[in-house]
Amino acid sequence: MLVHIMNDDPVLGEMEAMPGPQDTLIVVKNPRRRDGKDLPYLEANVSTVAWPLIRVNFIEIMPTGEEEEIITFIRE
């Protein structure tokens with residue numbers, strides 16, 4: 001998933017579950033830039049980050065490897 005944070009570059013990472021309506025934080029595992037490089041404002045050994053949802057503009061959900069391999073049948 002790709003998290004778009006206000007006034008910052010998007011952050012690529014993984015989440016265990018989508019935040020619910022009662023949540024105030026988003027927890028991202030293995031945060032990195034789109035190109036895979038480390039985020040300059042995090043320490044090198046950080047593996048999980050929590051951002052307040054008020055700072056998040058939107059979240060893009062990327063398909064997993066399993067979802068990409070699903071074969072559907074098309075009627076012609």
Side-chain angles (χ1 to χ4, degrees):
M1 56 105 216
L2 196 58
V3 179
H4 293 265
I5 300 173
M6 284 189 217
N7 303 321
D8 205 353
D9 290 332
V11 175
L12 188 63
E14 294 83 34
M15 285 190 309
E16 288 186 18
M18 289 296 297
Q22 74 283 0
D23 293 333
T24 58
L25 294 173
I26 181 171
V27 178
V28 179
K29 293 185 178 185
N30 302 318
R32 57 199 178 277
R33 292 173 40 172
R34 281 185 187 180
D35 59 5
K37 294 182 181 177
D38 291 337
L39 295 170
Y41 49 85
L42 295 179
E43 294 292 325
N45 58 350
V46 172
S47 63
T48 304
V49 177
W51 276 287
L53 278 174
I54 197 163
R55 296 254 352 250
V56 175
N57 285 335
F58 62 95
I59 302 169
E60 290 184 68
I61 308 301
M62 312 296 219
T64 63
E66 295 171 359
E67 292 173 353
E68 290 177 355
E69 294 178 10
I70 296 175
I71 299 173
T72 60
F73 296 99
I74 300 173
R75 285 180 85 173
E76 294 184 25

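Basis for what follows: all heavy atoms, side chains included, without hydrogens, waters or symmetry-related copies.
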S.K.: Any side-chain heavy atom of Met15 within less than 4.5 Å of one from Val3?
M.R.: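 No, every pair of side-chain atoms sits at 4.5 Å or beyond.
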S.K.: For Gln22, does the CD atom have more than 12 heavy-atom neighbours from other residues, nucleotides or ligands under 6.0 Å away?
M.R.: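 Yes - once you tally the heavy atoms of other residues, nucleotides and ligands closer than 6.0 Å, there are more than 12.
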S.K.: So, applying side-chain contact (heavy atoms from CB on, under 4.5 Å) with Ile26, which one of Thr24, Asp23, Val28 is it?
M.R.: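 Of Thr24, Asp23, Val28, side-chain contact (heavy atoms from CB on, under 4.5 Å) with Ile26 is met by Val28 alone.
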S.K.: So, taking the atom named CG in Asp9 and the one named CZ in Arg33, what distance separates them when rounded to the nearest 0.5 Å?
M.R.: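 Taking CG in Asp9 and CZ in Arg33, the distance rounds to 6.0 Å.
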S.K.: Output the distance between atom CD (Glu14) and atom CE (Met1), rounded to the nearest 0.5 Å.
M.R.: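 Output value for this atom pair is 7.0 Å.
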S.K.: Taking all atoms of both residues into account, what is the closest heavy-atom pair of Gly13 and Arg32, and its distance?
M.R.: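 Shortest heavy-atom contact: CA-NH1, 3.9 Å.
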S.K.: What I'd like to find out is whether the side chain of Glu16 reaches to under 4.5 Å of the side chain of Val27, using heavy atoms alone.
M.R.: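 With C-beta onward as the side chain, the pair stays apart.
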S.K.: Transitively linked via ILVMFWY side-chain contacts under 4.5 Å: Ile5 with Ile59?
M.R.: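 Yes: a chain of side-chain contacts under 4.5 Å links Ile5 to Ile59.
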S.K.: Which side-chain N or O atoms in residues 41-57 pair as donor and acceptor under 3.5 Å with protein atoms at least two apart or in another chain?
M.R.:
residue, atom, partner, partner atom, Å
Tyr41, OH, Asp8, OD2, 3.2
Arg55, NH2, Met6, O, 3.2

